[in-house]
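Here the structure is laid out as structure tokens; the discussion comes afterwards.
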2 protein chains.
Amino acid sequence: MKDTEQSIIEAAILIFNEDLSAPLEKVAEKAQITRRTLHRYFKDRNELMLKCKTEIRKACHKAMQKAYDSTEDPVKRLEYMFYAGVECGTKDTFLHKLHTLHDHDHRAHDKECAEYDDTFSVWKSHLQYLQKEGLISSMMTVEWMHQLFQGIVGASVSSRNNPKNDLEVVKKLGWFSFSRGIGL
Amino acid sequence: MKDTEQSIIEAAILIFNEDLSAPLEKVAEKAQITRRTLHRYFKDRNELMLKCKTEIRKACHKAMQKAYDSTEDPVKRLEYMFYAGVECGTKDTFLHKLHTLHDHDHRAHDKECAEYDDTFSVWKSHLQYLQKEGLISSMMTVEWMHQLFQGIVGASVSSRNNPKNDLEVVKKLGWFSFSRGIGL
DNA sequence: GTAATATGTCTCAAATGTGGGACATATTAT
DNA sequence: ATAATATGTCCCACATTTGAGACATATTAC
């Protein structure tokens, strides 16, 4: 019964990803509880948002790290990390969105931003490594490849909203487009 | 002095794209006017939102059509239509977002959705044509290529938030990734 | 079955967002 | 310079959102 808190967070991520200032009522609806119950778990919107941020950072970091550790082969490693992004779904897209908002100024000494950077530092370092090895195009910056990654993950997640699109198929399509898109 | 209305719309598109339920105060700030002035031009949030939707549909439709008409060469045509998307910037990403929201059910008989479909029907038809001619991969659906298009346009628009990234460079990078991503 | 815990219902006060009236000031056109 | 128009300031009524107390009901653990 303690998973109510978690289900609220999951619901909030889905709602806030589409509408940052959505009323908490909508989050409660999505979580299939009352707003009163939501307030028993979270003092206010801010506290809920903080928990969401922690959750998405944790989940994405864990998934990316796991993918990285799952193989030694540089190209497979890249592929699995891409899949990790897709499997994180809305959590990944929301995380990226929060750190590219126009008013959010990203500074590394901030704790949240540091954790965000940390989550993708392995990923970015790996992209640089692949460039040095000549496995992927050197004409593009790591920043662009990261934006491309987030963009294609977003496209994959959108595709999955249509239930007729199987996760595995979507992942393969996404990887095809991403890998070729970075000149692999 | 009549361009105040237009500048409010432009500001609203930027704000609402990031935060659908953002207070109108934020729109006014972005447009560098008072909320009181905003209310003189738009009765309420709903009216403003409708104007935004009309604006983005109009702008994107016009840009896509212009790109289509600018050449006869099928591949160049595709390339120019991609650039059109990037040049529409937030307008394109916002338009796409509005029609992929979870609560928005997309039905063709609805006037707004019909116009949306119309805007990208030329684009999608052209993708199908290229597939039939064997110029791009036939392993993927038109829907996926469209999602990919929107995803990479979004990545390009994000990149441009960093002023050191020149529009032309971003366009070229985006096109490189997109064209290869669809197997061209 | 009983106690503990979780959730729902009803209610309400505070905070925030919204729309617009009244009037002053600023800008533009002629 | 003057009139017309646009915008800002101040203010207010209204709607929505928010956070929580009090209590009933439901669920779970033992």
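Order of the sequence lines fixes the chain letters, A, B, ..., with proteins taken first and strands second; residue numbering starts at 1 for each chain. All figures in this text were calculated on a predicted structure; none of them were measured in a lab.
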Item to complete: Send over the distance from L48(A) CG to dT17(D) C1', rounded to a whole Å.
Response: 15 Å
Discussion item. Once ring-ring contact (aromatic ring centres under 6.0 Å, His included) is applied, do any residues pair with Y116(A), and if so which ones, sequence neighbours excluded?
Written reply: H99(A), H106(A), F120(A)
Worksheet item: Quick one: CG on L98(B) to NE2 on H104(B), what's the gap to the nearest 0.5 Å?
Response: 8.0 Å
Fill in: N or O in side chain of T37(A) less than 4.0 angstrom from dG8(C) OP1/OP2
yes
Practice prompt. Quickly work out the D3(A) CG to dT5(C) P distance and round it to whole Å.
Written response: 17 Å
Discussion item. Is Y41(B) close enough to dA6(D) that one of its side-chain N or O atoms is under 4.0 Å from OP1 or OP2 there?
Written reply: no
Worksheet entry | Phosphate contact (dA6(D) OP1 or OP2) by T4(B) side-chain N/O below 4.0 Å | no
Discussion item. Can you tell whether the side chains of E18(B) and K97(A) come within less than 4.0 Å, N to carboxylate O?
Written reply: no
Discussion item. Taking E29(B) first and then K26(B), would you say they form a salt bridge - that is, a charged N and a carboxylate O separated by under 4.0 Å?
Written reply: no
Discussion item. Under the side chain to side chain donor-acceptor pair (under 3.5 Å) definition, can you give me all pairs with a residue in residues 175-184 of chain B, not counting sequence neighbours?
Written reply: W144(A)-S177(B)
Discussion item. So, taking the atom named CE in M139(A) and the one named CD in Q131(A), what distance separates them when rounded to the nearest 0.5 Å?
Written reply: 10.5 Å
Practice prompt. Report the distance from atom CD1 of I33(A) to atom P of dA6(C), rounded to the nearest whole Å.
Written response: 14 Å
Worksheet item: Reading nucleotides 11-23 of chain C 5' to 3', which nucleotides get B (base under 4.0 Å from a protein heavy atom), which S (sugar-phosphate only), which -?
Response: ------SBBBBB-
Practice prompt. Figure out the CD/P separation between E29(B) and dG8(D), and round it to whole Å.
Written response: 13 Å
